[in-house]
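Reading through the structure tokens given below for one structure.
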There are 2 protein chains.
Amino acid sequence: MIDKSSPLPIYAQIEEQIKRQIENGEFQAHHALPSEREYAEQFEISRMTVRQAINNLVNDGYLYRQKGRGTFVADKKLEQQLNGLTSFTEDMKARGLNPSSKLLSFEIIPANKKIASELHISLYAPVYEIKRIRLADDVPMALETVYMSANLIKGLTEEIINLSLYQYIENYVKLKMDYATQTLESSIASELEVTHLAIPKHSPILFIQRNTFLIDGTPLEYVKSAYRADRYKFTITITR
Amino acid sequence: MIDKSSPLPIYAQIEEQIKRQIENGEFQAHHALPSEREYAEQFEISRMTVRQAINNLVNDGYLYRQKGRGTFVADKKLEQQLNGLTSFTEDMKARGLNPSSKLLSFEIIPANKKIASELHISLYAPVYEIKRIRLADDVPMALETVYMSANLIKGLTEEIINLSLYQYIENYVKLKMDYATQTLESSIASELEVTHLAIPKHSPILFIQRNTFLIDGTPLEYVKSAYRADRYKFTITITR
DNA sequence: AACAGCAACTGGTCTAGACAACCACTAATA
DNA sequence: TATTAGTGGTTGTCTAGACCAGTTGCTGTT
């Protein structure tokens, strides 16, 4: 059950196991978990290590603690939904659709005024421009254009884009993606969008601009997306 | 600096101190904190206790860690901005505009299927239907329709609506508003919207549906809004 | 000038205990 | 019967170490 020689830390292994048990329904909502000491004894590890695992799950909203009583399974219903989804892939999967992409173009171009301003780089600095059609269950959903500083992310190729762009970035850049701002507006499909999305002229389009930043505030990417209004609604949940 | 006999745990005392130093500007954003070992030595406590304090601050977004380098102050500025703005009034004020309203109609009607489903009430139960034009600096921005259960909120009048609807609700209902879901989509202006918003035919419209819930999950209101696409963009910030 | 290797840092993980605070339950007591 | 005092469970806090794994800068070699 626990592999002490695994590169995955012990506490992470415990987290995964408990999460699995919750998702499988082995642990029902508001039912008590085994106590920390029981876990420690069972896995022959220190209680502090168990606490680290449980603390993380409490912070993620899977469990809650009550001093003197025990640790219990939270009911997830709401926060399960979608809080911080950033990628098209995650978004579509959450909707039960199968996401894919078709690369339209991939170039390095000099930054124009708008791009330079969004990415906080100088005018004419080299940027990747990646144009893709995003599909869900093989139906075109959106036309997406990504801009990223070529000086920040080096060695990007078509192959990498087609595999997993964001995985490459996370590995390449030491700092992880931290936050994003999204701006949504309504507009009418341009000629380009009509062609690639296979929609009638003058169709409504949901236009989304996303700027993603690293933890130190460096802009990582600037993305423009044109979503088909007949197929895509954007939903957010605001808490508190 | 640290009182070991205080009822407030040591880690909580450290948290407060670091928070204070950040707020006072003693610790600038992205500057390194003293190392965990330094804290432990200075306060003559165990390093694990220091880690507990720092972990909490990392989870709250005040700090971030980098293995091998140190612990740094995060910049909070963004999430300070707008997290959960729900009301048109707040939204417009945040944009530096002067919000106002023009009441178009105010009636009590029997809930249709859609309304009953959104408000979790029975079909034909009485609901308020409030139609308003929302203006910013006296320019029409949106056409808004609010539905609320008349059995939940009693004694609503035109006068109250024109004063402050949400203030009345907060005072009337014991439970406060807790969370909201918003759905955004792009569409084309209907005849009604063209008339009231004074826009050309076939103009793009940003359509927003908002459902607000009380802390116990009771639906409070169901709001449909049609925003002029030429004047309104919707912005959100997603963290972590 | 470029490089490799080392040393001294950093945070990450983990141990094997300890005592306190709190809770539920039971048994003894007024 | 109602109250109280235990008792054995839980989580909460804390210690004083250990070793691992990254990062950085220095130092000597090439």
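In what follows, every chain begins at residue 1, and chains take the letters A, B, ... in the order their sequences are listed.
- To the nearest angstrom, P of dG12(D) lies 13 Å from OH of Y64(A).
- Atom P of nucleotide dT13(D) and atom CD of Q52(A) are separated by 16 Å, given to the nearest angstrom.
- Every side chain to side chain contact (heavy atoms under 4.5 Å, CB included) that L192(A) has, sequence neighbours left out, goes to L143(A), S190(A), H196(A).
- Of the side-chain N and O atoms in R65(B), one or more sit less than 4.0 angstrom from OP1 or OP2 of dG12(C).
- E26(B) and R20(B) are not joined by a salt bridge, as no carboxylate oxygen comes within less than 4.0 angstrom of a charged side-chain nitrogen.
- Between R37(B) atom CZ and dC20(D) atom P there is a gap of 14 Å when expressed in whole angstrom units.
- The interatomic distance linking F72(A) (CZ) with dT10(D) (P) rounds to 11 Å, in whole Å.
- Residues that satisfy the salt bridge (Lys or Arg N to Asp or Glu O under 4.0 Å) test with E144(A), not counting sequence neighbours, are R132(A), R134(A).
- Between the P atom of dT10(D) and the CG atom of L63(A) lies a distance of 16 Å, rounded to the nearest Å.
- The shortest distance between the side-chain N/O atoms of Q66(A) and the OP1/OP2 oxygens of dC23(C) is not below 4.0 Å.
- Relative orientation of the Y222(A) and Y147(A) rings is parallel, given thresholds of 30° and 60° on the angle between their planes.
- Between T212(B) and V223(B), the closest side-chain pair of non-hydrogen atoms is not below 4.5 Å.
- Out of dC14(D), dG11(C), dT13(C), the shortest distance to the side chain of K67(B) is found at dG11(C).
- The residue among G68(A) and T49(A) whose nearest nucleotide of DNA chain C is located toward the 5' end is T49(A).
- In this structure, Y11(B) does not reach the dC14(D) phosphate: none of its side-chain N or O atoms is under 4.0 Å from OP1 or OP2.
- Under the rule for a salt bridge (Lys or Arg N to Asp or Glu O under 4.0 Å), K19(B) has no partner lying at least two apart in sequence or in another chain.
- Residue E36(B) contributes atom CD, which lies 21 Å from atom P of dA8(C) at whole-angstrom precision.
- With sequence neighbours excluded, the residues satisfying side chain to side chain contact (heavy atoms under 4.5 Å, CB included) with S100(A) are L135(A), D138(A).
- As a whole-Å value, the separation of N56(A) CG from dG12(C) P is 12 Å.
- The aromatic rings of F106(A) and Y128(A) lie parallel to each other, with less than 30° between the two planes, well short of the 60° mark.
- Between E15(A) atom CD and dT13(C) atom C1' there is a gap of 13 Å when expressed in whole angstrom units.
- In this structure, R69(B) does not reach the dC9(C) phosphate: none of its side-chain N or O atoms is under 4.0 Å from OP1 or OP2.
- Rounded to 10 degrees, the angle between the two end axes of the helix from dA1(C)-dT30(D) to dA30(C)-dT1(D) is 10°, with five pairs used at each end.
- Taking 3.5 Å as the limit, the base of dT13(C) and the side chain of R51(B) contain no donor-acceptor pair of atoms between them.
- Near-neighbour residues of DNA chain D inside residues 39-48 of chain A, defined by a heavy atom below 4.0 Å, number-ordered: R47(A), M48(A).
- Inter-residue side-chain proximity for E41(B) and R37(B) is flagged as unmet; no heavy-atom pair is nearer than 4.5 Å.
- Salt-bridge formation is detected for the pair R65(A)/E36(A): a Lys NZ or Arg NE/NH1/NH2 atom is positioned less than 4.0 Å from an Asp or Glu carboxylate oxygen.
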